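What follows is a short report on a single structure.
Just so you know, these numbers come straight off a predicted model, no measurement behind them.
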Amino acid sequence: MRIKRPLAAAAAVAAAAAICLPAQAIATPPSPQSSATAQTARMPLERQVLHSGDGWASAGAGTTGGAGATADRVFDVHNRAELVAALAVAGTEPRIIRVHGDIAANTTADGKSLTCEDYAAGTGFSLQQYLYDYDPARYGTDREPEGAQETARRKAAASQAAVIRWDIPGNTTIVGASPDSSITGAALRINRANNVIFRNLTVRDSADCFPAWDPTDGAEGNWNSEYDLLQIINGSTNVWVDHSHFTDAPNLDKLQPLYFGRKYQVHDGAVDVTNGSDLVTMSYNRFSDHDKLLLIGSTDSTNRGDVGKLRVTIHHNVFDNVGQRAPRVRYGQVDVYNNHFLTTADSPTPYGYTFGAGVESHIHAEANAFTLPSTIPASAAISHFKGKVITTIGNTVNGKAVDLRQAYNSAAAADKQLAEDTSWKPVFRTQVHPAQAVPALLDGNVGPIYMAGEKR
């Protein structure tokens, strides 16, 4: 059951939806009563920049994306071929990409749909043969698959990756031209790129046609997929992800078959920040019907460049029937405030936990609202992954104030207790609202809601 916004909260909602406009364009902030349409009329959506002080992405050089693009570097795209071409245009000068309608990633250059069978053609891969060859009863459980079918699977996977994996260059703003703009089936990456704005887009179902079976993963083995909806990787910095929607729907995990008694997992993360990336703000997004949400930090090892990086702000987002990693953190300083974590009793995605405290993680979770069924206790909101500290302040569960760290510790083993993190305090913030106000504040104001201000 969705939370509905009381009419009395309208003024607060309008204030929360206010989009930060460039300081050089507007001397004073927009009126709290400004509508999205009015704001984008004053400054086109694609020309807006991240406001000073709005999360970690406002630090350093700040995040302006492609706001200063000249007319010849503004691209309107309607299909895969046009989008790939716009991303590939040479030069580091600012660029703007406006996405119109739905762009399907699994297509040929001329727009023909591609299936998993098309990617497998000529590789020798057969799922039926793969399942036969690596059946644990026959192959065993103490080593990862190797041999002809695993080699063929890798070839088929490479064929799909070449079609759906797209890198967004630095100094780029990519926006949905309207609230129904979307990208389906792509594995988007911000890879070794700085200064990127990603807004007003639905990104859905980056399904992997060729998940890998690993019998050594966990007690029972697991199927592992390759693609995230959006990766921020390899030292990328100053990235703003705003008013977008990340989802698996309609290709939900619960619809996938079981092989070897384990779910055939075709999805991986939603938005991952790894391999030394830094200074990221995620605001006013909707995450729905997805299991593994936000992985911040590559591995427990220190050799991925993560130490001293991974500074991320996650504010005013709605997490709607998601499973885990919202976020799971290693090493980074991650500010999580004024989000609504909503799980229904009939959620298609089984709930695991919300905050994952990993190695040297520093999560500051403040004024978040949890709406949970009675079957999920407050202690489940935190999970231990070798972390030692976490800060939880002013959060609510079903409208009541709850000390989430205390709730977790009361149920956790002695060797998994989490102390309060006194090592840092968030600085780059917009207004912090009381957690009780957050569900109404965000209802109808997250995800894609804007029209691009310029049209062609």
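Side chains of Gln128 and Ser126: a donor-acceptor N/O pair is absent below 3.5 angstrom, by distance only. Side-chain contact of His290 with Thr349: a donor-acceptor pair under 3.5 Å is absent, judged by distance alone. Using a 3.5 Å distance cut-off with no hydrogens or angles, the side chains of Asn238 and Asn194 do not pair a donor with an acceptor. Side-chain atoms of Ser288 and Asp320 form no donor-acceptor pair, as typed in the model, at a separation below 3.5 Å. There is a side-chain donor-acceptor pair under 3.5 Å between Asp291 and Gln324. For Thr281 and Thr313, the side-chain atoms include no donor-acceptor pair closer than 3.5 Å.
Screening residues 333-343 for salt bridge (charged side-chain N to carboxylate O under 4.0 Å, His left out) gives Asp335-Arg429 as the qualifying pairs, with residues at least two apart or on separate chains. Screening residues 82-91 for side chain to side chain donor-acceptor pair (under 3.5 Å), with sequence neighbours left out, gives His78-Glu82. Judged as a salt bridge (charged side-chain N to carboxylate O under 4.0 Å, His left out), the pairs with a partner in residues 252-271 (not counting sequence neighbours) are, in order, Glu220-Arg262. Identified under the ring-ring contact (aromatic ring centres under 6.0 Å, His included) test for residues 155-188, with sequence neighbours left out: none. Listed by first and then second residue, the salt bridge (charged side-chain N to carboxylate O under 4.0 Å, His left out) pairs that reach into residues 299-317 are Asp278-Arg311, Asp300-Arg330, Asp300-Lys386, sequence neighbours excluded.
Centroid-to-centroid, the aromatic rings of Phe385 and Tyr353 come within less than 6.0 Å. Checked against the 6.0 Å centroid threshold, Phe260 and Trp223 count as a close aromatic pair. Proximity of the aromatic rings of His316 and Tyr337 is defined here by a centroid distance below 6.0 angstrom, and this criterion is met.
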Worked verdict on His340 versus Thr371 for side-chain hydrogen bond (donor to acceptor under 3.5 Å, both in side chains): CA-CA 8 Å; His340 186 196; Thr371 301; 2.7 Å; yes

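Note on ring orientation: taking the six-membered ring where Trp is involved, the planes of Phe341 and Phe370 are parallel (angle under 30°, cut-offs 30° and 60°). Ring pair Phe287/Phe246 is parallel by interplanar angle, where below 30° counts as parallel and above 60° as perpendicular.
Taking CG from Leu230 and OG from Ser244, the interatomic distance works out to 8.5 Å, rounded to the nearest 0.5 Å.
Checking each of Thr237, Thr172, Thr64, Thr92 against Asn195 for a side-chain hydrogen bond (donor to acceptor under 3.5 Å, both in side chains) leaves exactly one that passes, namely Thr64.
Looking at Asp228 and Ser206, their side chains never come closer than 4.5 Å, going by heavy atoms from C-beta outward. Put simply, the side chain of Thr274 does not reach to within 4.5 Å of the side chain of Gln231, judged on heavy atoms. Residues Tyr351 and Thr375 form no side-chain contact, since every pair of their non-hydrogen atoms from C-beta on lies 4.5 Å or further apart. Proximity of Arg98 to Val74: side-chain heavy atoms (C-beta onward) are separated by under 4.5 Å at one or more points. Taking the side chain as every heavy atom from C-beta outward, Val196 and Ser236 never approach each other to under 4.5 Å. Residues Asp242 and Ile197 form no side-chain contact, since every pair of their non-hydrogen atoms from C-beta on lies 4.5 Å or further apart. At least one side-chain heavy atom of Asn106 sits less than 4.5 Å from a side-chain heavy atom of Gln160. In this structure, Thr151 and Arg154 have side chains that are not in contact, with every pair of non-hydrogen atoms separated by 4.5 Å or more.
For Arg204, the salt bridge (Lys or Arg N to Asp or Glu O under 4.0 Å) partners two or more places apart in sequence, or in a different chain, are Asp102.
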